[in-house]
Amino acid sequence: MSGEHGHGNSQVNSGSKGGDTHKHKDKHKDKEYRHKDHKKDKEREKFKHSNSEHKDHSEKKHRDKEKLKHSDSSADKHREKHKEKDKDKEKRREEKIRSSHVDKPKKEKENGYVRDTSPSAIKSEPEEDNGFYPSPQHNKTSKREYDDEEFVYKPKKVKTEHDKKAKKRKHEYEDDEEDEDIKPKKKTKDKKGTEGKKAKKEEEEKWKWWEEERSTDGSKWRFLEHKGPVFAPPYEPMPDKVKFYYDGKPMKLSAPAEEVATFFAKMLDHEYTTKDIFRKNFFKDWRKEMTSEEKSKITDLNKCNFSEMNEYFKAQSEARKQMSKEEKQKIKEENERLLQEYGFCLMDNHKERIGNFRIEPPGLFRGRGDHPKMGMLKRRIRPEDIIINCSKDSKHPKPPPGTKWKEVRHDNKVTWLASWTENIQGSIKYIMLNPSSRIKGEKDWQKYETARRLKKCVDRIRNQYRDDWKSKEMRIRQRAVALYFIDKLALRAGNEKEEGETADTVGCCSLRVEHIKLYPKMDDQEYVVEFDFLGKDSIRYYNKIPVEKRVFKNLQLFLENKQPEDDLFDRLNTSILNKHLQELMDGLTAKVFRTYNASITLQQQLKELACPDDSLPAKILSYNRANRAVAILCNHQRAPPKTFEKSMQNLQTKIDEKQNQLSAARKQLKAAKADHKASHDDKSKKAVELKRKAIQRIEEQLMKLQVQATDREENKQIALGTSKLNYLDPRISVAWCKKWDVPIEKIYNKTQREKFAWAIDMAEKDYEF
DNA sequence: AGGGCCACTTAGCATTGTAGTA
DNA sequence: TACTACAATGCTAAGTGGCCCT
């Protein structure tokens with residue numbers, strides 16, 4: 001198989017198909033399909049169900065597990081568990097930290113990038129490509145297992161580029177480059193202690209971390225100082241005039257119960273407050289907040305009337321909209337102040353933007369899709385729940401007066417500044433840096449380098465899995481077929497999930513028999529596989545693709561003697577698959593295929609759609625189309641904007657108007673020409689020219705509008721943002737912009753330009769992914 | 001091997017900001 | 001000046017995958 005992929009037949013969705021054609025196994029009939037189609041939510045509703053029984057979901061494989069496990073309210077248990085284990089964990093963590101400080105494993109340097117080579121991390125291959133990290137020495141270390149000519153050819157380009165940059169850096173950053181660190185590296189700094197601060201501030205905005213060397217050990221930073229998170233504002237009780245009614249009678253609620261009631265009241269317009277699970281979960285958690293008196297009175301949610309509360313909130317938001325300019329300005333300034341104070345941290349001598357410095361406010365949990373925990377109370381996070389992470393020698397953030405942090409730790413092996421345990425799933429939430437930060441950017445860059453390394457060996461890997469389709473061992477065949485899907489269809493890996501804890505969604509390795517259908521013949525195609533399942537965020541994946549005969553036969557084999565709810569790949573999971581991938585290429589995991597295929601698709605598409613003579617809007621349309629091809633491949637869908645039809649109409653009206661304008665202008669030109677013919681004077685000649693220009697302008701405008709219409713129509717249900725942000729090597733786009741003279745602003749907005757600053761700075765027009 | 005924990009990326013939708021228009 | 005439509009940003013849920021322990 002060559003790099004060529006049959007992505008074309010990937011189909012985003014099938015319109016209304018979801019509900020009708022789905023064969024509804026009893027146990028899945030209550031699935032909520034979040035596929036996007038033309039229907040209004042209400043119409044979709046008929047495919048959603050009201051009641052759900054997750055308990056009989058279990059497959060054989062999971063049944064045993066289930067017995068050992070609680071099936072009820074995990075949240076509290078999680079909390080307990082955490083408490084119990086805290087001590088244990090702490091010990092472990094401390095050991096971890098200590099050991100990492102003490103026995104610094106020796107490091108191996110590769111092209112400016114230094115890898116951890118502690119025993120567990122020793123690999124036979126360099127992890128990064130030549131030229132990954134700029135460095136004067138640029139010494140190629142070990143020989144690669146599967147070099148190809150590209151390996152020889154490409155770095156040359158990259159190298160010169162880097163050398164250039166390296167020189168530039170010398171000038172620009174001489175004074176600023178080094179951080180005061182706990183353990184100085186080869187170069188010295190120290191003079192900066194005095195003058196560094198000011199210079200630094202000026203340079204801060206354009207700090208080019210990508211021209212610096214990365215840290216040599218596993219540590220993520222050497223110095224970290226921040227002010228801690230911003231907590232959600234405290235609850236403000238309802239004014240007395242806003243009543244809650246139970247069974248028709250007004251009832252004053254205690255503050256805690258009232259607060260939770262307001263969460264429900266705020267969502268009243270949302271359709272999911274009508275769902276049984278949502279209501280059940282909410283009511284259960286609400287009752288926990290009630291006084292015993294309230295508890296005994298309020299026994300039926302159906303008798304609760306929140307509508308006055310609901311109207312109150314609506315009025316509030318209306319009032320907010322109606323606020324005067326000055327008031328709005330004031331709020332804006334206050335936000336800005338908060339941002340300035342809490343929105344930044346100091347990491348290794350650079351001021352970096354924090355991604356989410358506000359703690360999530362309490363509210364009702366709404367998972368995506370058919371989530372068993374929807375409606376549960378997401379509790380308020382207090383300082384006592386927060387673990388702070390910062391350097392020992394930094395000014396530690398102060399907890400709000402009268403409170404304490406849960407813990408302050410100094411772990412530079414992680415990137416987060418603060419964390420807490422959330423009560424719905426018992427998972428940990430983090431406060432981390434913005435994507436524009438060094439720490440995120442380096443990781444992102446590295447991700448694309450890994451994908452580029454896959455490019456070099458993908459043929460070998462493809463050949464291998466094709467061979468494996470013939471293996472004597474079932475597990476190998478399953479692994480090979482799964483990998484084929486991941487590669488060809490860009491499916492996600494598909495980790496196992498705990499049943500009943502989350503919506504029932506799957507990825508490749510967790511596909512079940514019921515998710516595929518085999519058609520030996522379909523229309524004029526042979527060996528067609530139909531996929532129909534809910535993926536991440538309960539987004540439907542529906543696709544029919546012809547596969548190779550051997551794959552088809554294998555699938556038939558995997559399906560033998562299985563029930564619909566059985567795993568398709570019963571001898572496979574993501575851990576097995578990733579272990580195998582790791583052997584094929586250092587750093588290779590299932591998700592790398594998604595990155596690789598997305599980026600390579602963009603590059604190919606851009607090449608194919610290239611048309612030098614196109615106008616700027618046409619070029620951008622081409623870009624968007626290439627981007628769209630990727631979004632379709634990755635199944636990035638969105639709900640059609642609510643105002644879609646209308647906005648299309650508006651656009652059409654504009655187009656019609658423009659066309660009228662055009663014909664009018666043409667008439668005028670004709671008249672002007674006639675006039676000129678008659679008079680032959682300069683004035684009339686000028687008039688003709690003027691008219692010509694006007695027509696040209698109008699034509700351009702019309703074209704622009706038409707392009708816009710096409711683009712919008714094609715984009716109706718497809719979200720481009722996700723792939724642009726997470727899967728497409730930004731250097732491809734930057735190079736394309738440079739090559740075709742398209743301003744980068746047409747492709748990336750401000751945030752995106754900040755995130756991809758490294759790529760914008762370093763990619764030249766001949767960059768090859 | 002498998003489970004649990006943890007850290008981090010990826011995801012769509014809701015809210016907010018803003019530019020263009022009436 | 002208000003409105004409106006779209007873009008940008010914010011929010012947080014839901015994935016992936018590494019590591020450690022049993």
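Atoms considered below: every heavy atom in the structure, side chains included; atoms not considered: hydrogens, waters and symmetry mates. Letters A, B, ... are given to chains in the order of the sequence lines, protein chains preceding strands, and every chain is numbered from 1.
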Next item on the list: Round to a whole Å and report the spacing from CG of A:N495 to C1' of C:dG15.
Entry: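 From A:N495 CG to C:dG15 C1': 8 Å.
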Side-chain N or O of [X] less than 4.0 angstrom from OP1 or OP2 on [N]?
X      : N      : result
A:K591 : B:dT10 : yes
A:K429 : C:dA13 : yes
A:R368 : C:dG15 : no

Check: Should the ring pair A:F531 and A:F533 be called parallel, tilted or perpendicular, given that the plane angle runs from 0 to 90° and is split at 30 and 60?
Finding: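 Ring orientation, 0 to 90° scale: perpendicular.
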Note to self: Using 30° and 60° as the class boundaries, would you call the ring planes of A:F264 and A:F278 parallel, tilted or perpendicular?
What the structure shows: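 Because their plane-to-plane angle lies in the 30° to 60° range, the rings of A:F264 and A:F278 count as tilted.
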Checklist line | Electrostatic pair A:K497-A:E501, nearest N-O below 4.0 angstrom | finding: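 Salt bridge flag = no for A:E501 with A:K497.
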Note to self: For A:K328, I'd like to know if atom NZ has over 12 heavy atoms of other residues, nucleotides or ligands within 6.0 Å.
What the structure shows: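 Counting neighbours around NZ of A:K328, more than 12 heavy atoms of other residues, nucleotides or ligands fall under 6.0 Å, so yes.
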Next item on the list: When you get a sec, tell me which of B:dC8, C:dG17, B:dA11 is the closest nucleotide to the side chain of A:M432?
Entry: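 Closest nucleotide among those given: B:dC8.
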Next item on the list: Just compare B:dC8, B:dA14, B:dG12 and give me whichever is closest to any side-chain atom of A:K443.
Entry: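 Side chain of A:K443 sits closest to B:dC8.
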Margin query: Applying a 4.0 Å non-hydrogen cut-off, can you work out what A:K654 is touching in the nucleic acid: base, sugar-phosphate, or nothing?
Written below: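 Touches nothing.
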Item checked: Axial cation check for A:F365 ring with A:K373, 6.0 Å and 45° limits ->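 Not satisfied by the 6.0 Å and 45° rule.
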Check: In chain order, what residues pass the salt bridge (Lys or Arg N to Asp or Glu O under 4.0 Å) check against A:D385, with sequence neighbours excluded?
Finding: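 With sequence neighbours excluded, A:D385 shows a salt bridge (Lys or Arg N to Asp or Glu O under 4.0 Å) to A:R379, A:R382, given in chain and number order.
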Identify all pairs in which a protein N or O lies below 3.5 Å from an N or O of nucleotides 4-7 of chain C, and state each distance.
from	atom 1	to	atom 2	distance (Å)
C:dA5	OP1	A:K646	NZ	2.9
C:dA5	OP2	A:K646	NZ	3.3
C:dC6	OP1	A:S647	OG	2.9
C:dC6	OP1	A:R712	NH1	2.9

Note to self: With nearest nucleotide decided by heavy atoms, which residue, A:Y430 or A:R492, maps closer to the 5′ end of DNA chain B?
What the structure shows: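 Of the two residues, A:Y430 wins.
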